[in-house]
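Have a look at the structure below before the remarks.
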Amino acid sequence: MDFYKRAAEVCRRIPWGTVATYGQIALLCGFPKNARQVGFALGRRLSGPDIPAHRVVNSKGYLSGAASFDTPDLQKLLLEKEGVRVDAERTVDLKRYGWKNSFEDALELQYFFDRQRI
DNA sequence: GTCGCGGCCCTTA
DNA sequence: CTAAGGGCCGCGA
């Protein structure tokens with residue numbers, strides 16, 4: 001099981017204009033308790049270049065990883081470019097922009113991981 | 001609704 | 001080997 005590859009794949013599947021939480025990603029990876037490692041993976045860019053890491057926020061909707069981007073406001077800007085409103089506190093409204101993944105999304109991912117042996 | 005604490009598990013020193 | 005800390009989370013008060 002390669003947690004980081006899984007995290008990258010999940011991240012890649014976050015729909016445009018929505019955000020996901022660290023815990024949500026960890027869960028979809030099949031590692032419910034590894035939310036913190038998601039942050040580490042993205043921060044260290046172990047996940048790869050074409051990964052929309054800006055769509056990942058903490059469970060409160062706060063852009064806790066903003067400091068790890070090239071410029072402090074980059075994450076906010078990228079999100080706003082997708083139509084996601086970010087307030088002055090660097091927080092997004094999860095009710096509105098949170099990715100509500102379906103059960104089928106989760107199933108499909110597990111299947112994908114199996115096929116890819118990751 | 002808020003706040004705090006303990007648990008989590010990987011990485012770095 | 002131990003220890004500390006991190007882009008976190010859920011629960012209980």
Side-chain angles (χ1 to χ4, degrees):
Chain A
M1 301 274 211
D2 189 330
F3 178 74
Y4 294 130
K5 286 184 183 167
R6 289 187 174 201
E9 180 61 27
V10 175
C11 204
R12 206 176 302 137
R13 295 189 184 208
I14 304 172
W16 188 94
T18 71
V19 299
T21 69
Y22 297 99
Q24 186 177 10
I25 290 173
L27 185 62
L28 288 170
C29 285
F31 293 82
K33 304 171 189 172
N34 287 34
R36 305 188 83 150
Q37 279 60 244
V38 175
F40 182 85
L42 299 175
R44 277 292 178 177
R45 305 195 167 99
L46 297 174
S47 44
D50 54 337
I51 307 299
H54 61 281
R55 295 187 191 139
V56 186
V57 301
N58 76 10
S59 65
K60 310 280 189 295
Y62 178 67
L63 275 55
S64 49
S68 301
F69 286 78
D70 290 339
T71 61
D73 282 328
L74 183 57
Q75 183 175 17
K76 183 172 189 264
L77 294 174
L78 289 170
L79 285 172
E80 285 172 339
K81 197 151 53 172
E82 300 187 358
V84 176
R85 192 144 356 131
V86 183
D87 71 18
E89 306 292 292
R90 278 203 182 135
T91 302
V92 303
D93 182 5
L94 285 176
K95 289 255 195 281
R96 196 166 158 189
Y97 302 107
W99 177 29
K100 294 166 266 295
N101 68 78
S102 64
F103 184 63
E104 285 74 18
D105 289 331
L107 273 185
E108 213 281 311
L109 272 165
Q110 302 314 309
Y111 179 72
F112 178 85
F113 294 150
D114 261 10
R115 288 293 301 273
Q116 304 293 315
R117 314 284 165 93
I118 61 176

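So you know, we letter chains A, B, ... as the sequences are listed, proteins then strands, and number each from 1. What's counted below: heavy atoms across the whole structure, side chains too, no hydrogens, waters or symmetry copies.
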Exercise for review: Would you check, one step at a time, whether the test side chain to side chain contact (heavy atoms under 4.5 Å, CB included) holds for A:Arg55 with A:Trp99?
Suggested key: CA-CA 10 Å; A:Arg55 295 187 191 139; A:Trp99 177 29; over 6 Å; no

Nearest to the [X] side chain among [options], which nucleotide is it?
X       : options              : result
A:Phe40 : C:dG7, B:dC8, B:dT12 : B:dT12
A:Asn34 : C:dG7, B:dC9, B:dT11 : B:dC9
A:Gln37 : B:dT11, C:dG7, C:dG6 : C:dG6

Practice item. Mind checking side chain to side chain donor-acceptor pair (under 3.5 Å) for A:Lys76 and listing every partner two or more places apart, or none if nothing turns up? Key: A:Glu80

Starting at [atom1] of [X] and ending at [atom2] of [N], how long is that distance when rounded to a whole Å?
X       : N      : atom1 : atom2 : answer
A:Ile14 : C:dG7  : CD1   : C1'   : 13 Å
A:Lys5  : B:dC10 : NZ    : P     : 17 Å
A:Arg90 : C:dG7  : CZ    : P     : 14 Å
A:Tyr62 : B:dC3  : OH    : P     : 15 Å

Point to revise | Bracket string, DNA chain C, 5' to 3' - pairs by Watson-Crick or G-U geometry under 3.5 Å, | interstrand | key: .|||||.||||||

Would you say that [X] contacts [Y] through its side chain, given a criterion of any heavy-atom pair below 4.5 Å between the two side chains?
X        : Y       : answer
A:Leu109 : A:Arg13 : yes
A:His54  : A:Leu77 : no
A:Leu63  : A:Leu79 : yes

Set out, line by line, the N/O atom pairs under 3.5 Å between protein and nucleotides 8-13 of chain C.
{"unit_1": "C:dC8", "atom_1": "OP1", "unit_2": "A:Ser64", "atom_2": "OG", "d": "3.4"}
{"unit_1": "C:dC8", "atom_1": "N4", "unit_2": "A:Arg36", "atom_2": "NH1", "d": "3.2"}
{"unit_1": "C:dC9", "atom_1": "OP1", "unit_2": "A:Gly23", "atom_2": "N", "d": "3.0"}
{"unit_1": "C:dC9", "atom_1": "OP2", "unit_2": "A:Ser59", "atom_2": "N", "d": "2.6"}
{"unit_1": "C:dC9", "atom_1": "OP2", "unit_2": "A:Ser59", "atom_2": "OG", "d": "3.1"}

Practice item. Anything under 30° is parallel, anything over 60° is perpendicular, the rest tilted; go ahead and classify A:Phe40 against A:Tyr4. Key: tilted

